[in-house]
Structures are given as C-alpha cells and as structure tokens.
Amino acid sequence: MPALRNGSYRNHCHQCLYSLHLDITPGDRASECGGLMRPAALAQPRGKGLAVVHECVACGHRQTNRLALDDPVSDSIEAISALQSACWGSHR
C-alpha cells in the first residue's frame with residue numbers, strides 16, 4: 001500500500017475500510033489469526049483525529065486505526081458515512 005502524505009501507511013482498504021488481522025499491537029505483524037477485520041464503529045481517540053474501530057470476524061479482536069481524510073487517495077467518505085449511519089441506527 002502506498003505511503004500517505006504524512007509518511008504513515010494505511011492498514012485498511014480505502015474504499016471499503018476492511019482490513020486483515022495481522023497485528024496484535026499496531027505494526028508488529030505478530031497475529032497468527034489473519035482473519036478479516038470488519039469496520040465496526042467510528043471513534044475519535046484523543047488528539048488522533050477520526051478512526052475506524054475494526055473487529056476481527058474470526059476471533060473478535062478489536063483495534064482502532066486512524067482514517068486518512070485529507071490524502072490524495074483519501075478513505076471513502078461514502079464508506080465512512082455508511083458506517084456512521086449503521087452505528088447511529090444501532091443506538092436508537
């Protein structure tokens with residue numbers, strides 16, 4: 001995956017926001033699970049901008065990852081909006 005403008009890397013698909021369960025802690029590649037990480041919620045960790053909360057469909061591990069909102073290949077606003085709508089609908 002190409003580097004983002006700020007020098008970091010995205011760990012998820014910019015179109016659908018899905019990822020793979022490769023890490024135990026961000027960047028360590030120590031997980032043996034390899035399951036599909038579905039976008040489960042949105043979060044705003046203190047001082048880190050908007051993030052997607054991924055949940056592994058195989059083992060249930062949850063991990064938060066920052067979204068790339070102002071990059072030439074930004075994360076899909078449609079996918080983010082759909083996730084926000086799904087989360088909002090589940091809290092009614």
Side-chain angles (χ1 to χ4, degrees):
M1 205 159 276
L4 298 173
R5 186 179 355 191
N6 68 4
S8 66
Y9 287 83
R10 179 184 289 124
N11 81 329
H12 54 268
C13 173
H14 71 278
Q15 294 176 336
C16 68
L17 306 180
Y18 275 78
S19 184
L20 292 176
H21 188 184
L22 301 175
D23 300 340
I24 294 173
T25 58
D28 67 8
R29 299 298 190 248
S31 175
E32 295 181 10
C33 177
L36 189 62
M37 299 284 281
R38 72 174 184 86
L42 293 174
Q44 190 164 13
R46 185 177 53 202
K48 301 212 181 206
L50 193 59
V52 61
V53 179
H54 286 115
E55 181 174 46
C56 182
V57 299
C59 73
H61 175 78
R62 290 175 68 97
Q63 191 163 331
T64 302
N65 298 280
R66 287 179 52 193
L67 291 168
L69 300 174
D70 60 353
D71 201 73
V73 183
S74 295
D75 288 325
S76 166
I77 193 68
E78 292 85 5
I80 295 167
S81 295
L83 180 57
Q84 181 180 20
S85 294
C87 292
W88 177 255
S90 69
H91 287 96
R92 288 186 167 197

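Side-chain atoms are counted along with the backbone in the values below, which use heavy atoms only and exclude waters and symmetry mates.
Between Q63 atom CD and S31 atom OG the span is 9.0 Å, to the nearest 0.5 Å. Between L83 atom CG and R38 atom CZ the span is 9.0 Å, to the nearest 0.5 Å.
Smallest separation of non-hydrogen atoms from L42 and Q84: CD1-CB, 3.7 Å. Nearest heavy-atom pair, E55 versus G60, reported as atom, atom and distance to 0.1 Å: CG-O, 4.0 Å. Scanning all heavy atoms of the two residues, the minimum distance from D28 to I24 falls at OD1-N, 2.9 Å.
In the hydrophobic clustering of this structure, L50 groups with V52; members are Ile, Leu, Val, Met, Phe, Trp, Tyr whose side-chain heavy atoms approach within less than 4.5 Å, directly or through other members. Taking hydrophobic clusters as Ile, Leu, Val, Met, Phe, Trp and Tyr residues chained together by side-chain heavy-atom distances below 4.5 Å, L20 shares a cluster with Y18. No path of Ile, Leu, Val, Met, Phe, Trp and Tyr side chains, each step under 4.5 Å between heavy atoms, connects V53 with I80, placing them in separate hydrophobic clusters.
Counting heavy atoms from C-beta outward, M37 and H61 have side chains that approach closer than 4.5 Å. For the pair P45 and T64, the minimum side-chain heavy-atom distance is below 4.5 Å. Residues S74 and H14 are not in side-chain contact: their nearest non-hydrogen atoms beyond the backbone lie 4.5 Å or more apart.
Counting only distance, with no hydrogens or angles, the side chain of D23 and the backbone of R29 share a donor-acceptor pair below 3.5 Å. Although no hydrogens or angles enter the test, the distance criterion places a donor-acceptor pair under 3.5 Å between the side chain of H54 and the main chain of L17.
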inquiry  = Does C56 form a side chain to side chain contact (heavy atoms under 4.5 Å, CB included) with C33? I'd like the steps, not just the answer.
reply    = CA-CA 9 Å; C56 182; C33 177; 3.6 Å; yes
